[in-house]
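Take a look at the structure below.
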Amino acid sequence: MNDPVNRTMLLVDIEKFSDRDDVEQAFLRRMLYDVVDRTMERAGIDETLRLRADQGDSVMEFIDPNVPVPQVLRSVITELPAQLKAVNRMASSAAQMRLRTVVASGFIALDERGIWVGSDLNHACRLLDADLLRAALRERPGDVALCVSQSVHAGIVRHGHLGIPAEEFHEVTLASKNGPLPAWLLGPVPASGQAAAAPGTAAGPTPTPVPDASGARPGPAGGTEAGPSGGGPASNSAPAPAPTPSTQPPAGIHFTGGAPAFGGSLVMGNQHGVSGGRVDGDVVMGSVGGPPRPGRTPDQDAPDTTTPSPDDRHTPGTGEAGPR
């Protein structure tokens with residue numbers, strides 16, 4: 001294998017080439033060669049300054065490093081679409097051609113069989129074959145989709161050279177069999193590639209478990225953990241549901257579970273205590289000595305609490321007790 005040399009790489013691929021028959025494919029290959037040659041000539045890049053590798057439905061141009069990379073980029077951005085449009089105008093609908101293009105840079109070498117090899121070339125080929133670049137061409141009205149490598153963007157595009165619209169390039173991450181590849185796409189990112197174009201998308205925060213009535217939080221495996229007081233170990237059993245009455249209770253106020261609280265008094269007819277017992281009549285709870293109820297006097301509301309003193313007591317069946 002020869003020593004690697006540094007080259008600017010231009011890769012151009014025909015969309016849906018395999019969907020055409022043999023006659024159409026042969027015609028499209030001639031058109032592709034013609035469009036690329038005219039583009040390089042208009043850019044002032046002589047044929048002696050570039051090497052070509054034919055890939056059937058695509059062509060790879062390895063351009064001498066003495067040719068400025070901005071010169072190559074400007075020709076691909078402006079001249080290539082113009083030359084393609086001119087050729088498509090004269091072709092039938094079956095011979096129309098749309099192109100995916102990649103501009104990259106790196107080291108390549110010729111092996112013993114005359115094949116260009118190198119990891120930088122492999123990287124460029126992965127960009128050309130990426131689904132996101134295919135989707136970009138499919139979803140836009142133009143006939144050319146361009147993607148540049150990370151190194152070309154960092155060294156050339158982002159500096160805003162004349163004729164290179166840096167603001168129209170968008171950072172994307174392309175999926176490949178070798179893992180995600182960073183790149184920059186000219187023009188809008190396709191809708192099908194929005195998720196991939198926004199790395200680091202994370203799911204929402206995990207909701208905090210809400211304690212139940214017993215103060216226990218749901219455990220990680222669907223059980224429960226100890227409540228806020230920390231008493232008792234975690235339990236995997238679900239809390240028992242509240243009992244359901246088997247029959248419909250009579251009319252009134254009913255409490256099932258929990259403890260009702262009243263800020264004042266509750267007065268009704270017959271009162272039944274929760275822990276047992278029965279009280280008939282009115283029940284008054286609260287402070288004593290409040291305003292009398294309508295229709296009653298204070299003497300009627302207050303029970304007779306007078307207790308006879310020992311001297312006033314009588315012995316049954318006798319008169320007053322005298323001195324003995």
Worked verdict on Met40 versus Leu10 for side-chain contact (heavy atoms from CB on, under 4.5 Å): CA-CA 11 Å; Met40 294 292 99; Leu10 170 62; 3.8 Å; yes
Verdict with reasoning, Ser58 to Arg100, per side-chain contact (heavy atoms from CB on, under 4.5 Å): CA-CA 9 Å; Ser58 64; Arg100 301 192 312 275; over 6 Å; no
Residue pair Leu32, Leu99: steps toward the side-chain contact (heavy atoms from CB on, under 4.5 Å) verdict: CA-CA 9 Å; Leu32 177 62; Leu99 302 176; 3.9 Å; yes
Stepwise side-chain contact (heavy atoms from CB on, under 4.5 Å) test for Thr101 and Leu80: CA-CA 10 Å; Thr101 60; Leu80 182 63; 3.6 Å; yes
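Other residues, nucleotides and ligands contribute at most 12 non-hydrogen atoms within 6.0 Å of the CG atom of Asp22. Taking a 6.0 Å sphere around CD of Glu47, one finds it holds 12 or fewer heavy atoms contributed by other residues, nucleotides or ligands.
Both Val59 and Val144 belong to a common hydrophobic cluster when Ile, Leu, Val, Met, Phe, Trp and Tyr are linked at side-chain heavy-atom distances under 4.5 angstrom. Transitive grouping of hydrophobic side chains (ILVMFWY, heavy atoms separated by less than 4.5 Å) brings Val152 and Val12 into a common cluster. Residues Val148 and Val76 share a single hydrophobic cluster, defined by chaining ILVMFWY side chains whose heavy atoms lie under 4.5 Å apart. Grouping the Ile, Leu, Val, Met, Phe, Trp and Tyr side chains by contacts below 4.5 angstrom, directly or via other members, places Ile77 with Val87. Two different hydrophobic clusters hold Leu137 and Leu132 under the rule that ILVMFWY side chains link at heavy-atom gaps under 4.5 Å.
Atom CD in Glu168 sits 11.0 Å away from atom CG in Leu185 (nearest 0.5 Å). Annotation: the span from Asp54 atom CG to Arg29 atom CZ amounts to 4.0 Å, rounded to 0.5 Å. To the nearest 0.5 Å, atoms SG (Cys125) and CE (Met9) are separated by 8.5 Å. Atom OG of residue Ser105 and atom NE2 of residue His123 lie 9.5 Å apart, to the nearest 0.5 angstrom. The structure places CE of Met97 at 4.0 Å from CE of Met31, a figure rounded to the nearest 0.5 Å. How far CD1 of Ile45 is from OG1 of Thr48: 11.0 Å, rounded to the nearest 0.5 Å.
Across all non-hydrogen atoms, the minimal contact from Ala124 to Ala104 is CB-CB, 4.0 Å. The shortest non-hydrogen separation linking Gly106 to Asn6 is O-OD1, 3.0 Å. Across all non-hydrogen atoms, the minimal contact from Pro180 to Thr173 is CB-CG2, 3.5 Å. The nearest pair of heavy atoms linking Arg7 to Pro65 is NH1-CD, 3.2 Å. For the pair Ala109 and Asn2, the tightest heavy-atom approach, listed with the atom from each and the gap, is CB-O, 3.4 Å. Summarising the geometry of Trp116 relative to Ile108, their closest heavy-atom pair is CE3-CD1, 3.4 Å, with the distance given to 0.1 Å.
Checked against Ile156 for a side chain to side chain contact (heavy atoms under 4.5 Å, CB included), the options Val103, Val72, Leu73 give a single hit: Leu73. For the salt bridge (Lys or Arg N to Asp or Glu O under 4.0 Å) criterion with Glu79, the lone passing option out of Arg42, Arg74, Lys85 is Arg42.
At least one donor-acceptor pair closer than 3.5 Å links the side chain of Glu139 to the backbone N or O of Ala191. The main-chain N or O of Phe17 is found under 3.5 Å from a side-chain atom of Gln25 such that the two form a donor-acceptor pair. Between the side chain of Asp120 and the backbone N or O of Phe107 there is at least one donor-acceptor pair closer than 3.5 Å. With hydrogens and angles ignored, the 3.5 Å screen pairs no side-chain donor or acceptor of His159 with any backbone N or O of His153. With hydrogens and angles ignored, the 3.5 Å screen pairs a side-chain donor or acceptor of Arg20 with a backbone N or O of Ala94.
Taking the charged nitrogens against the carboxylate oxygens, Asp13 and Arg134 have no contact shorter than 4.0 Å, which rules out a salt bridge. Classification of Arg138 and Asp131 as a salt-bridged pair fails, no side-chain N sitting under 4.0 Å from a carboxylate O. Salt bridge status for Asp34 with Arg30: absent, with no side-chain N to carboxylate O gap under 4.0 Å.
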